[in-house]
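Structure first, commentary second.
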Amino acid sequence: ATGGNNFLHFKLVSEKLLKKRKNQNHEFAFVSFDVNKFRVFNEIHGHEQGDELLEKIYLYLKKNLRKQEPFARYAADQFSVILSIDTQASALSRVEQILKELSNIYPNENLMYSAGIYTVLDKQMSIERMNNFAIFAKDTLKDNQTCNISTFDSKMRDQLVKEHELEELMQKALDRH
């Protein structure tokens with residue numbers, strides 16, 4: 001729908017970028033964002049205009065991100081981006097600006113976006129895991145009308161660990177029966 005790079009290409013380019021900068025004091029933020037109520041937009045305006053919206057998002061990112069900031073459509077209306085940042089505050093500021101500008105693609109539609117940010121602490125971590133952390137942060141916002149950006153933090157990490165431990169216990173109990 002976007003005519004742009006797929007997630008596999010994004011993954012390969014991102015891994016290369018992070019590996020190249022592994023020992024440098026350079027910070028990155030992994031961002032996952034999507035269009036709130038995209039299905040409703042698609043139902044009201046049709047899939048052709050939905051695809052057009054996705055293409056406009058892609059073209060905006062292509063035009064406005066820095067050369068060394070890979071991005072791709074991950075799935076449906078969800079995009080993944082790696083931003084080059086100075087601080088966590090600069091990541092938040094850039095994402096706010098991106099979402100604000102994207103909301104003006106169709107000025108009469110009141111489009112809103114949700115984003116999750118994962119500050120890359122380990123440049124050797126898999127791109128899939130970074131993406132999952134950013135998605136997890138984003139998904140904590142669903143149906144939240146007052147906030148549209150969430151940053152993955154230690155509380156979220158603890159929650160993921162607890163959920164994983166609970167799943168393991170449940171699987172062990174099932175295996176015994």
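One is the number of the first residue; the rest follow in order along the sequence.
In this structure, Leu12 CG and Asn5 CG are separated by 10.5 Å, a value rounded to the nearest 0.5 Å. Annotation: the span from Leu8 atom CG to Ile127 atom CD1 amounts to 11.5 Å, rounded to 0.5 Å. Remark: Ile98 CD1 to Leu83 CG distance equals 5.0 Å, nearest 0.5 Å. Within the model, atoms OG of Ser103 and CG of Asn36 stand 11.0 Å from one another, a figure rounded to the nearest 0.5 Å. Interatomic distance, Gln171 CD to Arg176 CZ, rounded to the nearest 0.5 Å: 11.0 Å. Going from atom CG of Asn25 over to atom CD of Glu27 covers 7.0 Å, rounded to the nearest 0.5 Å.
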Expected list for residues 54-63: side-chain donor-acceptor pairs under 3.5 angstrom, two or more places apart:
| residue | atom | partner | partner atom | Å |
| --- | --- | --- | --- | --- |
| Tyr60 | OH | Glu101 | OE1 | 2.4 |

Hey, can you pull the donor-acceptor pairs under 3.5 Å for the side chains in residues 38-45, sequence neighbours left out?
| residue | atom | partner | partner atom | Å |
| --- | --- | --- | --- | --- |
| Asn42 | ND2 | His47 | ND1 | 3.3 |
| His45 | NE2 | Glu109 | OE1 | 2.9 |
| His45 | NE2 | Glu109 | OE2 | 3.3 |

Validation: residues 130-139 side-chain donor-acceptor distances under 3.5 Å, sequence neighbours left out:
| residue | atom | partner | partner atom | Å |
| --- | --- | --- | --- | --- |
| Asn131 | OD1 | Ser80 | OG | 2.9 |
| Asn132 | ND2 | Glu128 | O | 3.4 |
| Lys138 | NZ | Asp34 | OD2 | 3.0 |
| Lys138 | NZ | Gln78 | OE1 | 3.4 |

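Looking at Val35 and Leu111, their side chains come closer than 4.5 Å, going by heavy atoms from C-beta outward. Side-chain atoms of Leu17 and Ser14, non-hydrogen and from C-beta on, never get closer than 4.5 Å to each other.
Membership of an apolar cluster is not assigned to Leu169, as no side-chain contact below 4.5 Å to another ILVMFWY residue is traced.
Side-chain atoms of Glu69 and Ser84 form no donor-acceptor pair, as typed in the model, at a separation below 3.5 Å. Side chain to side chain, Asn148 and Ser114 fail the donor-acceptor criterion of an N or O pair below 3.5 Å.
With hydrophobic clusters built from ILVMFWY side chains whose heavy atoms lie under 4.5 angstrom apart, Phe71 shares a cluster with Ile105. Residues Tyr74 and Tyr118 are members of one and the same hydrophobic cluster, defined by side-chain heavy-atom contacts under 4.5 angstrom among Ile, Leu, Val, Met, Phe, Trp and Tyr. Hydrophobic clustering, with ILVMFWY side chains joined whenever heavy atoms are under 4.5 angstrom apart, groups Leu18 together with Phe152. In the hydrophobic cluster analysis, where Ile, Leu, Val, Met, Phe, Trp and Tyr join through side-chain heavy atoms closer than 4.5 angstrom, Val81 is grouped together with Ile117. Hydrophobic cluster membership differs between Leu65 and Phe30, with clusters built from Ile, Leu, Val, Met, Phe, Trp and Tyr side chains linked at under 4.5 angstrom.
Partners of Gln124 by side-chain contact (heavy atoms from CB on, under 4.5 Å), not counting sequence neighbours, listed by chain and number: Lys22, Asp122. Qualifying side-chain contact (heavy atoms from CB on, under 4.5 Å) partners for Leu166, counting only residues two or more places apart in sequence or in other chains: Met170.
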For Glu15 and Lys19, what are the C-alpha separation, side-chain angles and deciding distance, and is it a salt bridge (charged side-chain N to carboxylate O under 4.0 Å, His left out)?
CA-CA 6 Å; Glu15 286 170 347; Lys19 186 175 184 178; over 6 Å; no
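A salt bridge is defined here as a Lys NZ or Arg NE, NH1 or NH2 lying under 4.0 Å from an Asp or Glu carboxylate O, and Glu96 with Lys100 fails to meet this definition.
Checked options Phe33, Tyr113, Phe10; the residue passing with Phe79 is Phe33 (criterion: ring-ring contact (aromatic ring centres under 6.0 Å, His included)).
Looking at Arg94, its side chain never comes within 3.5 Å of a backbone N or O of Gln97 through a donor-acceptor pair. A donor-acceptor contact shorter than 3.5 Å links the side chain of Asn6 to the backbone of His9. Listed for the Ser93 side chain is no donor-acceptor partner under 3.5 Å among the backbone atoms of Ala89.
Within 6.0 Å of atom CD in Glu48, 12 or fewer heavy atoms from other residues, nucleotides or ligands are found, so the atom counts as exposed in its surroundings.
For an aromatic pair to be called close, the ring centres must be under 6.0 Å apart, and His26 with Phe28 satisfies this.
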